[in-house]
Number of protein chains: 2
Amino acid sequence: MPFEGPSAAPVSAARPAARASAVHFCGLCDQVGESERRALRRIGLRQLIRSGDPLICSTAGDAIVGSLTWGVLAVVRSDGSGAQSVGLVFPGEIVGDPFGSPANAAVRALTDAQLCTFPRSALEQVSRDYPVVQRALLRCALHSLSEARRWLLIIGRQSARERVVAFLLEFARRQRAGAPSGDTLDLPLKRGSIGDLLGLSIETISRQLQGLARAGLIALPSRRTIELVDRAALERLVGGRRSTIERVMP
Amino acid sequence: MPFEGPSAAPVSAARPAARASAVHFCGLCDQVGESERRALRRIGLRQLIRSGDPLICSTAGDAIVGSLTWGVLAVVRSDGSGAQSVGLVFPGEIVGDPFGSPANAAVRALTDAQLCTFPRSALEQVSRDYPVVQRALLRCALHSLSEARRWLLIIGRQSARERVVAFLLEFARRQRAGAPSGDTLDLPLKRGSIGDLLGLSIETISRQLQGLARAGLIALPSRRTIELVDRAALERLVGGRRSTIERVMP
DNA sequence: GAACCGCTTTGACGCGAGTCAAAGACGGTT
DNA sequence: AACCGTCTTTGACTCGCGTCAAAGCGGTTC
């Protein structure tokens, strides 16, 4: 379902904040030079998708790669018994498979979102002409890999409480990315989606959040906003288990 | 602790099998042309490490990237309270960070292993001269990302039984990679390491394996060998939840 | 305003997996 | 052989989280 147009009012308003978070070291257009950017712009297509919509990851048999400009996406991997999110995508990051191999890309928008999409084959050509682009792609992939492994650690061994706290801190870290101290999170996820991401049930998420609120560590002013009241205490909760910031491949 | 030499007898014996599995689409030397291979060979260094040893991921301040020739490695991510494996590395795959950024690479050899290591800076130069090399690196990263997400799905929602079965099938799939039907696994992992990988306790791993054996789905002829007796039944156990083979980025 | 709908919260209950502890198995050494 | 240390197996118990069920919000529609 196509969006009304690039200049739709409500989304335009959110743009400045997203631009700020494009500082992220992992944007495609942000880590290449001017000439590469021009080449990318020639083949790129700005695309807007509505919250909840799936991202169409191939057009006319050609897979696409998208660089998220603003908004938040979820990468979901579905199996017979439902779907589970395996990661989030924040502005400056990338979705899609540059190789277009068996790519059942399942990406869902959690908020209204905008991304620059590139046809796989055209991008491949550009990255052949401009090695810097391929380099940027590699950086992105490694970044995503690192994030995926972060989640593995969190989901693998932690208790429900620790997972929820880790999620909150992680979300704050990734969402802010430029803004100084975002202690007020505007969660685009509903409880069920958080559960998907953390491998927990809806009820457990709710209970944990309420518990944290009762303990005075967070505040829940509305359904979709969470304030990190006592960040130090939150970090201490997962702190014993702080993982070494590591970026390995594979 | 350095290895005796490249021609040590016990490890040489294992080489042919590993060569076979180098069919893997993700080896560095196996998906580039002859001239690139020569360039890589000039800067590469063959390295042998003993089972249990950590891989030194930087030499003289320069991080390294390694392409595994044979053996099995584990990528471990350690935090305050111990360490957890976040992935395995099979022949044809790659370890280390080509960008050498805050790379606390923690890699441990599960078996005696051999890899070609490349100094980060030299590899970077080569990949600048030969785009194909960078392309291969990108492929590797995406492959690893896909594997990491596989684990996320398995660890996120599955029961202990399902995780163990998934691990066995996964291991068979990745280890064999060329060999026709490896229904007899020679596990280089002890129970504890499997637990690390799956986010389960030693005892649970043991109980599940015994349970599967009692059900006649597998056989445990020795401590480190597992026979997949009824593969169909095993696949049915995780089959309801077969994930779509997907390769997304990020 | 009242009536609906989806989401969230809260409670009660049962099961699965972690933990502690002890007893086997296996491999290596002398 | 008999010893030892390491790894594995088995048992008993506890507790966290999933599940089922019902009630409480918001938000939207008429």
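Per chain, numbering begins at 1; letters A, B, ... match sequence-line order. No experiment lies behind these values; they were computed from the predicted model shown. Every heavy atom of this structure was used, including side-chain atoms; hydrogens, water molecules and symmetry mates were not.
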Inset, instruction - Remember a base hit wins even if backbone is also touched, and classify B:Gly211 as base, sugar-phosphate or nothing at under 4.0 Å, heavy atoms. - result: nothing

Inset, instruction - Would you mind building the protein contact string for nucleotides 5-12 of chain C? One character per nucleotide, 5' to 3', B for base within reach (heavy atoms under 4.0 Å), S for sugar-phosphate only, - for untouched. - result: -BBSBBBB

Inset, instruction - Answer yes or no: is there a donor N or O on one side and an acceptor on the other, between the side chain of A:Thr111 and the main chain of A:Val72, under 3.5 Å? - result: yes

Inset, instruction - For A:Ser144 and A:Glu147, test the side chains for any donor-to-acceptor distance below 3.5 angstrom and give the result as yes or no. - result: no

Inset, instruction - Quickly work out the A:Glu162 CD to C:dG18 C1' distance and round it to whole Å. - result: 14 Å

Legend entry - Value rounded to 0.5 Å, distance of CH2 in B:Trp151 from CZ in B:Phe167: 6.0 Å

Legend entry - Under-4.0 Å salt bridge between B:Glu235 and B:Arg173: no

Legend entry - Gap separating the CG atom of B:Leu115 from the CD1 atom of B:Ile64, nearest 0.5 angstrom: 7.5 Å

Inset, instruction - Rounded off to whole Å, could you give me the CZ-to-C1' distance for the B:Arg157 and C:dG16 pair? - result: 16 Å

Legend entry - Partners passing salt bridge (Lys or Arg N to Asp or Glu O under 4.0 Å) against B:Asp186 (at least two apart in sequence or in another chain): B:Arg224

Legend entry - By salt bridge (Lys or Arg N to Asp or Glu O under 4.0 Å) - contacts of A:Arg223 (at least two apart): none

Can you list, pair by pair, the side-chain donor-acceptor contacts under 3.5 Å of residues 201-218 of chain A, counting residues two or more places apart and other chains?
residue, atom, partner, partner atom, Å
A:Ser201, OG, A:Thr204, N, 3.2
A:Ser201, OG, A:Thr204, OG1, 3.0
A:Gln208, OE1, A:Arg161, NE, 2.8
A:Gln208, OE1, A:Arg161, NH2, 3.2

Inset, instruction - Determine the contact category for B:Gly195: base if any of its heavy atoms lies under 4.0 Å from a base atom, sugar-phosphate if only primed atoms, P, OP1 or OP2 are that close, otherwise nothing. - result: nothing

Legend entry - Gap between atoms CD and C1', on A:Gln208 and D:dC15 respectively (whole Å): 14 Å

Legend entry - Terminal axis angle for the helix from C:dG1-D:dC30 to C:dT30-D:dA1, five pairs an end, nearest 10 degrees: 30°

Legend entry - A:Leu198 CG to D:dG18 C1', straight-line distance once rounded to whole Å: 15 Å

